[in-house]
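Any value given below was found using the heavy atoms of this structure, including those in side chains, with hydrogens, waters and symmetry copies removed. Nothing here was measured: the structure is a model prediction, and the numbers come from that model.
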Amino acid sequence: MSASSARERLGAAVRLRAEVGAGARASEAGRLLFALRAAVPHDHAALSRWDPMRGQHLTSASFGYSPEAARTLNERMQDLPLFADLQQHRIPLRLHDIEPGRRHGAIFDDVIGVHGYRDGLSHCLFSPDGRYVGMLNLSTYAEGGVDDQSLALVSLLAETLAESIDPLASAEGGRVRVEPGEEAFVVDAAGRPWPVTTGASPRLLGAGEPWRDQCAAGAEFRILIVDGEVYRVRLESVRAGTLVRYRGVEAPAELTLRELEVLVLVSGGRSNTQIAAALGVGAATVATHVENILRKTGSPNRTAAAVFATRVGLSAVPARQ
């Protein structure tokens with residue numbers, strides 16, 4: 001590699017990082033992979049994001065790999081002992097730097113061996129707050145394999161590559177942080193939920209909430225009941241869609257679950273008779289719940305109770321089964 005070629009490759013990497021850092025649409029994974037070839041020569045490449053609930057990778061963008069090869073990389077990479085080393089050391093790893101005795105498993109047999117790659121590189125990608133977001137895999141048929149400059153440039157671009165597949169990357173630049181004790185998933189433009197944390201509950205994922213329509217500018221929070229449990233939910237716009245962060249909490253003002261359900265309907269302007277019909281209970285029972293709600297929330301009337309509901313973020317509550 002001549003000095004001028006090395007300089008051109010470095011320039012391509014610097015331009016790519018600056019463009020993505022400015023929030024350009026080129027940060028989308030597919031276009032980023034294509035542009036990466038100018039800095040890091042390769043024949044085939046894939047960016048895959050980590051799905052913590054499935055415990056495997058999902059392709060965000062792929063260039064050249066067959067569907068079978070991409071699926072093997074996604075489903076079997078984490079089974080290799082080398083994968084733990086990649087995550088721990090956070091340094092790109094080339095195929096020709098792996099001792100022959102460690103080259104065994106589906107990746108070596110069904111991807112590298114079958115397709116005849118001469119060399120390749122894998123790199124685990126992390127967000128600035130330390131979350132593992134996915135990985136880059138690239139392969140080459142070139143005689144010289146993956147050179148030392150490619151290692152350096154992939155390291156230089158690691159944060160940029162991570163940002164392109166990080167579901168928490170903000171549309172305005174930067175990232176949203178999932179706080180300790182919170183679980184989270186992202187709902188994309190098609191309404192599909194993608195888990196961000198290992199404990200993201202299917203009950204929340206399938207609660208029937210129109211998350212993307214509920215997301216206002218900036219962050220907001222709500223109180224939500226799902227299957228008899230109370231959650232504090234935060235909604236925020238991210239590049240991948242709507243981020244839904246939540247944690248279990250005590251009900252506000254020590255209200256019972258039934259009282260919360262009644263309060264939602266009260267704040268919607270329903271009469272006691274209408275609430276009784278909606279919940280399948282007697283009007284006298286509803287009247288008792290309303291009295292308890294007014295007392296616990298310190299509200300002099302139903303209008304003030306509705307204001308309380310708005311203040312704590314209580315909104316539409318899915319009916320309990």
Side-chain angles (χ1 to χ4, degrees), residues 20 23 27-29 47-61 74 78 87 90 124-136 158-252 260 312-318:
V20 174
S27 61
E28 294 175 354
L47 276 167
S48 300
R49 68 173 185 83
W50 178 247
D51 183 332
M53 287 189 72
R54 297 186 186 183
Q56 64 184 43
H57 298 85
L58 299 173
T59 300
S60 294
N74 286 337
Q78 55 274 10
Q87 284 195 313
R90 305 192 183 187
C124 288
L125 304 171
F126 293 83
S127 68
D129 61 5
R131 286 178 295 107
Y132 176 62
V133 297
M135 71 184 311
L136 167 72
E159 185 172 336
T160 299
L161 295 168
E163 182 176 356
S164 75
I165 59 174
D166 185 358
L168 301 196
S170 169
E172 290 76 32
R175 290 172 179 80
V176 179
R177 182 181 179 87
V178 177
E179 300 297 335
E182 288 184 327
E183 302 292 349
F185 58 92
V186 171
V187 179
D188 66 16
R192 295 169 300 191
W194 299 96
V196 173
T197 58
T198 55
S201 172
R203 293 180 299 166
L204 265 292
L205 299 181
E209 288 288 313
W211 301 110
R212 54 193 173 128
D213 298 330
Q214 297 273 349
C215 187
E220 63 171 293
F221 74 87
R222 297 186 301 151
I223 299 296
L224 178 69
I225 300 173
V226 178
D227 290 346
E229 295 184 28
V230 182
Y231 297 92
R232 187 173 191 266
V233 181
R234 291 181 179 271
L235 305 177
E236 193 158 357
S237 292
V238 293
R239 185 186 302 149
T242 299
L243 173 66
V244 181
R245 295 182 288 164
Y246 67 93
R247 70 170 75 228
V249 294
E250 297 294 328
L260 284 174
V312 300
L314 185 64
S315 62
V317 178

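Taking OG from S60 and CZ from R49, the interatomic distance works out to 6.0 Å, rounded to the nearest 0.5 Å. To the nearest 0.5 Å, atoms CZ (R90) and CZ (F126) are separated by 4.0 Å. Annotation: the span from Q78 atom CD to R54 atom CZ amounts to 12.0 Å, rounded to 0.5 Å. Within the model, atoms CE of M135 and OG of S48 stand 8.0 Å from one another, a figure rounded to the nearest 0.5 Å. The CD atom of E163 lies 12.0 Å from the CG atom of L125; values are rounded to the nearest 0.5 Å. The OG1 atom of T198 sits 11.0 Å away from atom CG of D51, with the distance rounded to the nearest 0.5 Å.
Annotation: E179, atom CD; neighbour count of heavy atoms from other residues, nucleotides and ligands within 6.0 Å is above 12.
Annotation: side chain to side chain donor-acceptor pair (under 3.5 Å) contacts of E183 (sequence neighbours excluded): T197. With sequence neighbours excluded, the residues forming a side chain to side chain donor-acceptor pair (under 3.5 Å) with W194 are D188, listed by chain and number.
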For V233 and I223, what are the C-alpha separation, side-chain angles and deciding distance, and is it a side-chain contact (heavy atoms from CB on, under 4.5 Å)?
CA-CA 6 Å; V233 181; I223 299 296; over 6 Å; no
Does the pair S164 and L47 meet the rule for a side-chain contact (heavy atoms from CB on, under 4.5 Å), with working shown?
CA-CA 9 Å; S164 75; L47 276 167; 3.8 Å; yes
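The two residues G241 and V186 come nearest to each other via the heavy atoms N-CG1, 4.1 Å. The shortest heavy-atom contact between F185 and P193 is CD1-CB, 4.0 Å. Nearest heavy-atom pair, N74 versus T59, reported as atom, atom and distance to 0.1 Å: ND2-OG1, 2.7 Å. P195 approaches A200 most closely through the heavy-atom pair CB-CB, 4.0 Å. What you find for V178 and A184 is that their closest heavy atoms are CG2-CB, 3.9 Å.
No side-chain donor-acceptor contact under 3.5 Å links R131 to the backbone of R177. Panel note: side chain R234, backbone L243; no donor-acceptor pair is recorded below 3.5 Å.
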